[in-house]
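Structure first, commentary second.
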There are 2 protein chains.
Amino acid sequence: MKSPKPNSQTNIQNDLLRRIHSGEWQPGALIPTEASLAKEIGCARTTVNRALQKLANDGHVVRKRRSGTRIALTPVRKATMEIPIVRDEIEGKGGAYKFLILLSERVKPPLWVQVRLGISKDEEMVHLHSLHISDSHPYMFEDRWVSIKAVPEITSAPFDKVSPNEWLVREVPYSGGENSFSVCTADETVANAMETTVGKAMFLVERSTWIYQTPITTLKMYYPEGFRLTTKL
Amino acid sequence: MKSPKPNSQTNIQNDLLRRIHSGEWQPGALIPTEASLAKEIGCARTTVNRALQKLANDGHVVRKRRSGTRIALTPVRKATMEIPIVRDEIEGKGGAYKFLILLSERVKPPLWVQVRLGISKDEEMVHLHSLHISDSHPYMFEDRWVSIKAVPEITSAPFDKVSPNEWLVREVPYSGGENSFSVCTADETVANAMETTVGKAMFLVERSTWIYQTPITTLKMYYPEGFRLTTKL
DNA sequence: CAGTGGTCTAGACCACCAG
DNA sequence: TGGTGGTCTAGACCACTGA
């Protein structure tokens with residue numbers, strides 16, 4: 001008799017979040033069961049279930065069969081970040097995008113690539129160096145290795161028009177991968193491409209992708225100091 | 001007549017993913033409606049709906065009312081990363097964790113804090129420098145500003161036993177925030193704390209959190225070169 | 001073992017928006 | 001305006017696991 005629209009998954013979520021954030025339920029506390037919440041709110045258990053699953057997915061609560069749902073001890077532990085295509089990244093900042101292929105060869109992979117992708121040392125791969133340019137200034141240097149076994153078309157891909165980055169994203173589906181972020185210093189190759197000096201600090205993004213068990217590509221992306229990557233919590 | 005367990009949301013997801021990855025449906029292609037998929041698979045539409053919503057949430061497909069469900073042009077664009085408490089981070093790597101409070105004062109915030117949090121220049125805040133230590137070696141230096149208005153208890157928090165990091169996470173719920181990652185060079189304060197030299201490249205994580213519209217805290221965390229942050233795609 | 005969350009069903013109504 | 005996804009319901013059975 002109080003609220004005009006007592007239902008809807010989103011309303012339930014917000015209501016539960018409010019009760020969490022207001023301190024009504026302390027971290028670690030057990031909250032009522034789905035059934036009792038449903039009765040209290042006046043909706044189906046399924047609806048409460050969906051709301052709670054979303055809260056659990058966002059890290060606000062921890063759910064266990066038989067033992068119930070608890071407020072998470074360390075709330076909201078997940079950050080999600082978007083992985084844009086470099087061209088969109090640059091054009092989104094208002095720059096004019098160009099790219100250059102600095103190196104394109106077909107060779108056997110070095111040790112770090114073998115290890116990263118779990119590839120045999122005798123399996124030939126395509127090795128590419130590309131420079132991504134924003135308004136005539138070097139924006140990012142990319143050192144990429146592509147499995148010919150997984151992507152035979154790579155050897156005849158038209159990299160005069162579309163960058164390896166975009167070509168792979170558009171043509172080759174992947175089922176999983178890994179990103180890692182760190183700091184490194186520029187070696188001679190990177191320094192030359194990025195028009196900086198050897199030893200200069202760079203922001204390094206490493207990415208590998210797989211299609212199920214088959215490795216596709218691994219790459220290192222070097223951004224200059226000043227590059228910034230942001231995520232929402 | 002073929003599969004023993006034709007149903008279940010997960011199976012449907014995997015089946016749809018397989019058809020996407022196999023190239024049966026090209027990026028941008030329209031896939032059958034929920035109703036027809038349900039009929040084809042032999043389950044309720046609700047089940048197909050859940051599976052498709054999850055795929056949409058993961059960025060594999062794009063859904064629009066009336067126009068249908070399409071394969072995403074840029075697949076899997078989201079990465080999620082866990083935000084651990086520093087102590088867990090260190091102990092997870094097998095280190096012994098300690099921390100030191102190097103500075104604790106109550107002052108008005110500098111410009112960057114005012115801007116970041118949208119706080120008045122006259123509102124006093126708690127300013128803390130803490131050093132997080134792994135096996136007697138500096139692991140991370142933290143420069144933190146906390147809003148007294150949002151967290152009055154901060155002025156009497158027992159930071160001899162529990163780090164500001166953990167105290168805030170445990171005592172103060174937050175509803176949203178922002179992380180950003182970049183490269184910076186060590187100034188004198190950071191260099192002294194981290195036992196390195198001025199100008200050395202550091203991995204910088206900046207984080208701000210809010211409880212709804214109220215800013216709680218903002219901080220800069222300085223990690224030495226060699227630190228690495230990993231996310232799954 | 002019993003109580004919790006996990007999931008499926010069949011049906012219904014609604015919101016949106018391209019035609 | 002009709003067809004699409006979005007969501008809710010009431011009920012059912014299952015899977016896990018703590019007491």
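Computed from a predicted structure; not experimentally measured. Reminder, nothing fancy here: chain letters follow the sequence lines and each chain counts from 1.
- Evaluation of atom-type donor-acceptor distances gives a pair under 3.5 Å for the side chain of B:Arg45 against the base of D:dT7.
- Within the 3.5 Å criterion, the main-chain N or O of A:Arg18 finds a donor-acceptor partner in the side chain of A:Ser22.
- Under the 30°/60° scheme for interplanar angles, the aromatic rings of B:Phe141 and B:Tyr222 are found to be tilted.
- Distances shown here put every side-chain N or O of A:Gln53 at or beyond 4.0 Å from the OP1 or OP2 atom of C:dG5.
- Straight-line distance from the CZ atom of A:Arg50 to the C1' atom of D:dA10: 13 Å, rounded to whole Å.
- Between the side chain of A:Ser163 and the main chain of A:Glu166, a donor-acceptor pair closer than 3.5 Å is present.
- Regarding B:Asn49, its CG atom lies at a distance of 18 Å from the P atom of C:dC14, rounded to whole Å.
- A:Ser67 has no side-chain polar atom (N or O) that falls below the 4.0 Å cut-off from OP1 or OP2 of C:dG5.
- Spacing between atom CG of A:Leu52 and atom P of D:dC8 amounts to 13 Å, rounded to whole angstrom units.
- For B:Asn11 and C:dG6, the CG to C1' distance is 14 Å, given to the nearest whole Å.
- Regarding contacts with the backbone of C:dT4, every side-chain N or O of A:Arg63 stays at 4.0 angstrom or more from both OP1 and OP2.
- In this structure, B:Ile31 atom CD1 and D:dG3 atom C1' are separated by 16 Å, rounded to whole Å.
- Between the P atom of D:dC8 and the NZ atom of A:Lys54 lies a distance of 10 Å, rounded to the nearest Å.
- Atom-to-atom, CD of A:Glu34 to P of D:dA15 comes out at 17 Å; the value is rounded to the nearest Å.
- With a 4.5 Å cut-off on side-chain heavy atoms, B:Arg144 and B:Asn165 count as touching.
- OP1 or OP2 of D:dG11 has not a single side-chain nitrogen or oxygen of A:Thr46 nearer than 4.0 Å.
- Looking at which nucleotide of DNA chain D each of B:Gly68 and A:Arg65 is closest to, the 5′-most match is held by B:Gly68.
- Looking at heavy-atom distances under 4.0 Å, A:Thr33 makes contact with sugar-phosphate atoms alone, never a base.
- Between the side chain of B:Arg66 and the base of D:dG2, a donor-acceptor pair under 3.5 Å is found.
- The cationic atom of B:Lys220 (NZ for Lys, CZ for Arg) lies less than 6.0 Å from the six-membered ring centre of B:Trp112 and within 45° of the ring axis.
- Rounded to an integer number of Å, the gap from B:Gln13 CD to C:dG6 P is 15 Å.
- Nucleotides of DNA chain C nearest to A:Pro32 and B:Lys64 differ in position, and the one nearer the 5' end is that of A:Pro32.
- Within the structure, a side-chain polar atom (N or O) of B:Thr47 is placed less than 4.0 Å from OP1 or OP2 of C:dT9.
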